[in-house]
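Have a look at the structure below, then the notes.
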There are 4 protein chains.
Amino acid sequence: MSDASPPSRGRPRDPRSHEAILRATAELMVESGYAATSIGAVAARAGVGKDTIYRRWPGKPELVFEAVFTTTDEVPPPDTGTLLGDLTALLQGLVDEFRAPAAAAALPGLLADFAADPDLRARIRGDFLAPSKERLLVVFERAVLRGEIAGETPVDLVLDTLAGAVFFHVGLVGEHPRRETAALLAAVVAKGIEVR
Amino acid sequence: MSDASPPSRGRPRDPRSHEAILRATAELMVESGYAATSIGAVAARAGVGKDTIYRRWPGKPELVFEAVFTTTDEVPPPDTGTLLGDLTALLQGLVDEFRAPAAAAALPGLLADFAADPDLRARIRGDFLAPSKERLLVVFERAVLRGEIAGETPVDLVLDTLAGAVFFHVGLVGEHPRRETAALLAAVVAKGIEVR
Amino acid sequence: MSDASPPSRGRPRDPRSHEAILRATAELMVESGYAATSIGAVAARAGVGKDTIYRRWPGKPELVFEAVFTTTDEVPPPDTGTLLGDLTALLQGLVDEFRAPAAAAALPGLLADFAADPDLRARIRGDFLAPSKERLLVVFERAVLRGEIAGETPVDLVLDTLAGAVFFHVGLVGEHPRRETAALLAAVVAKGIEVR
Amino acid sequence: MSDASPPSRGRPRDPRSHEAILRATAELMVESGYAATSIGAVAARAGVGKDTIYRRWPGKPELVFEAVFTTTDEVPPPDTGTLLGDLTALLQGLVDEFRAPAAAAALPGLLADFAADPDLRARIRGDFLAPSKERLLVVFERAVLRGEIAGETPVDLVLDTLAGAVFFHVGLVGEHPRRETAALLAAVVAKGIEVR
DNA sequence: GATTAAGCGAGACGGTACGTCTTGTCTTGAG
DNA sequence: CTCAAGACAAGACGTACCGTCTCGCTTAATC
């Protein structure tokens, strides 16, 4: 119906350019890292003019963010029956996400650029953490119903703690990806916030 | 005994240049941020040639690190009598350090540059976290003696969790520095790692 | 056929930049001299980025050469009816060229840079002297027909002598530009190479 | 007499440094050329501090001049009995001087630096050409007595012509050192200035 | 024999230019 | 209106050299 479709005059944007740019960005992220990757290099590898990139993204941070975190967290929140189980599953997802080559290479620089720009700064909580926060909220709601935790548990602080822990331990220090890390961390936090 | 003192040939380095450079760096960090601060700008403000900077530091990351973390953590580890008290004190120190204007402005970009360079990467754990780790170890030892925690508590993981949490919550998201944040976080972690 | 015209892709070079750069170069030559003129200063005065200069010229020597010897020697060879008259006219042209403020300021340094670089060295005879040589050849041909000189007169040596004499007397020593200098020199050389 | 000998207090200058510096300068002139030779490089090769050079010479031009033109023209003026013979001998000396490796490498840059500095500019005629001029004057005096040339022959112009010709032909264009060049040039000039 | 003053090698110092790179915008002609 | 190509102004990069300075020595001439 209606749809208020844009007039769409002139030549339409080529969707293949879009894909090629994102692919080139992800590849360069792995090969050269965030700082050493320039928009010009992305354009050259994608076989695309620089303007074609600037027409779609305002700058490197936004481009890299989209190229590296394509996996839109549409995964449903875990439901294992216990807070510990849910937290472990959730953390394991976080760890896997931070360990992906392109993400691991991009994250520190990406976060730095977002933090440096006042406009982007607000989007850290919004775009980076929002999906995880939503799932954490569901997990907490269920835990409250089960009587495991109190209602006023500080979600944001817990989320920052989990994300920060994974970022430091895996993304930054580059610690070898121990399988038990997620479980260990989940255990500490779950026990720490449980009512008893 | 060895001695190995350098023969000290040629004109010795002027310590006033050293200080002027560090001061200029810290100021520019606050005024312009990490990424927008160039070595040339530091040199100009310090009234110094660029070579005088490059002669002492290999690059921006090392310079900024020294300029911003002058507070040599010689503070003795806290000893309040309880794990919770000690952790709260320790965390409060971390929060204060991350909230200092120059440090807050520098941290994200600084960590990104350290993480991007293989040589510097190893120094994150060494130079950034080592002082805190040492004090955390003492706190843990006392807690073990008191029977509050088990001997095999994973220090590195806990340290990364605390640092990561503070970095995300204060340094990155720029959350207003709530007085109770440190206490709240300490409470969760202390409870999470206690034996009972 | 061939044509070999470049496909002309991308934005064409702005001819106004070209002109502005050459004008700025000539001005700086007069004001500061060859050695004290930097590419950066030329760019700043022309209101142009340094790359815009390096995109068109490989270095300072080539740029200055084009800026200072714009007077494409399309002047027809003199034809006064006698060897002496022709030589005098030709030499007067050389003196005037070497006395032009920009040329006088640039010549010693320019020749030095050309002589120092093996690639440019060959262009001294080609680009600097070629136009004059062509006209000298015509003058000599006519003089041979008139029976004034022999056919095997060494053109290159005479040309180097004339150019060298003017360069030393006017360009280098900075001798005041006496009106009779050209005539005097022409008289000596004309008499020196005449058959009788 | 008096002499006004300097009091000469303190340690006298080491003559071995003097020699080492001049030798290093001449060597570097041949190996790297004038422009690419820095005072620092000379000092390093001579095993000497930069100040030891600056204490004796005001700058590169003066140093190189002394290093390259050590052969103080104490050679007596030629006396072959004819103007042509004398001029040929004189020119042959000039050619030989300009063809010496160190001199050939240094000359264009050296002249450019002398010409660029108002203070040094005057010394071109003085230091470079004076010895040759003195000998040319003697040759001319004898030729006048013999009746070969007139008394008012313009010595300076002839000297500039000879020097300029050799500089352009041998030093600048790097023409192969033809044995007959000097004779040919001498013939032209001698005939050009003779009374008949 | 002690003092003094300059010479000496080394190298730090404030400046400045180098030629390359990246940024985000602009300007072509072709689709 | 998009696209690939590439020019454009701005300015940072890390290196090299300049000519001066500041060290701790050494080396004579003077006291």
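Bear in mind that the values here come from a model prediction, so they are computed numbers and not experimental data. Each chain gets a letter, A, B and so on, in the order the sequences are listed, and its residues count up from 1.
- To the nearest 0.5 Å, atom CD1 of residue A/Ile124 and atom CG of residue B/Leu172 are 4.0 Å apart.
- Interatomic distance, D/Met29 CE to D/Ser32 OG, rounded to the nearest 0.5 Å: 8.0 Å.
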Problem - B/Glu62 and B/Leu120: CA distance, side-chain angles, deciding distance, side-chain contact (heavy atoms from CB on, under 4.5 Å) verdict - result: CA-CA 9 Å; B/Glu62 295 90 343; B/Leu120 296 176; 3.3 Å; yes
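- C/Thr52 OG1 to C/Asp14 CG: the interatomic distance, rounded to the nearest 0.5 Å, is 9.0 Å.
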Exercise for the section: Assess whether side-chain contact (heavy atoms from CB on, under 4.5 Å) is satisfied between C/Arg123 and C/Phe114, documenting all intermediate values. Expected result: CA-CA 8 Å; C/Arg123 295 185 50 191; C/Phe114 269 81; 4.2 Å; yes
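- Pairs passing the side-chain hydrogen bond (donor to acceptor under 3.5 Å, both in side chains) check and including a residue from residues 108-120 of chain C, sequence neighbours excluded, read C/Tyr34-C/Asp113.
- Proximity of residues 109-120 of chain A to DNA chain E (heavy atom under 4.0 angstrom from any strand atom) is not detected for any residue.
- Of all non-hydrogen atoms in B/Lys60 and B/Ala35, the two that sit nearest each other are NZ-O, 3.6 Å.
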Exercise for the section: Give the C-alpha distance, both sets of side-chain angles, the deciding distance and a yes or no for side-chain contact (heavy atoms from CB on, under 4.5 Å) between B/Thr37 and B/Thr25. Expected result: CA-CA 8 Å; B/Thr37 295; B/Thr25 305; 5.6 Å; no
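- Rounded to an integer number of Å, the gap from A/His18 NE2 to F/dA4 P is 13 Å.
- For the residue pair C/Ala103 and C/Val68, the shortest heavy atom distance occurs at CA-CG1, 3.4 Å.
- Between the P atom of F/dT2 and the CH2 atom of A/Trp57 lies a distance of 14 Å, rounded to the nearest Å.
- Within the 4.0 Å cut-off from OP1 or OP2 of E/dG19, not a single side-chain nitrogen or oxygen of C/Arg55 is found.
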Problem - A/Ile39 and A/Leu63: CA distance, side-chain angles, deciding distance, side-chain contact (heavy atoms from CB on, under 4.5 Å) verdict - result: CA-CA 9 Å; A/Ile39 298 274; A/Leu63 166 60; 4.2 Å; yes
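- Between B/Phe69 and B/Phe128, the ring planes lie perpendicular to each other; the angle is over 60°, past the 30° to 60° tilted range.
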Problem - Protein proximity profile, nucleotides 26-31 of chain E - base contact B, sugar-phosphate-only contact S, no contact -, cut-off 4.0 Å on heavy atoms - result: BBB--B
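- Proximity note for A/Arg56 (side chain, C-beta onward) versus F/dA4, F/dC8, F/dT2: the nearest is F/dT2.
- To the nearest 0.5 Å, atoms CG (B/Leu28) and OG (B/Ser38) are separated by 8.0 Å.
- At F/dA10, none of the side-chain N or O atoms of C/Thr52 fall inside 4.0 Å of OP1 or OP2 (strictly under the cut-off).
- If you measure from atom CZ of D/Arg16 to atom P of F/dT26, you get 15 Å, rounded to the nearest angstrom.
- Across the protein-nucleic acid pair, D/Ile53 atom CD1 and F/dC17 atom C1' stand 13 Å apart, rounded to whole Å.
- Per the geometry, CZ belonging to B/Arg13 stands 9 Å off C1' belonging to E/dG11, to the nearest Å.
- Summarising the geometry, the separation between CG on C/Asp14 and P on F/dA9 is reported as 8 Å, rounded to the nearest angstrom.
- A heavy atom lying under 4.0 Å from DNA chain F marks the following residues of residues 33-49 of chain A, by number: A/Gly47, A/Val48, A/Gly49.
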Completion exercise
For DNA chain E, the dot-bracket notation using Watson-Crick and G-U wobble pairs below 3.5 Å, [ ] for pseudoknot-type crossings and | for other-strand pairs, is |||||||||||||||||||||||||||||||
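- The OH atom of A/Tyr54 sits 16 Å away from the C1' atom of F/dA5 (whole-angstrom rounding).
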Practice task
Step by step, work out the side chain to side chain donor-acceptor pair (under 3.5 Å) result for D/His18 and D/Arg56.
Solution key: CA-CA 8 Å; D/His18 209 93; D/Arg56 292 157 205 254; 3.1 Å; yes
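- Screening residues 23-48 of chain C for salt bridge (Lys or Arg N to Asp or Glu O under 4.0 Å) gives C/Glu27-C/Arg45, C/Glu31-C/Arg45 as the qualifying pairs, with residues at least two apart or on separate chains.
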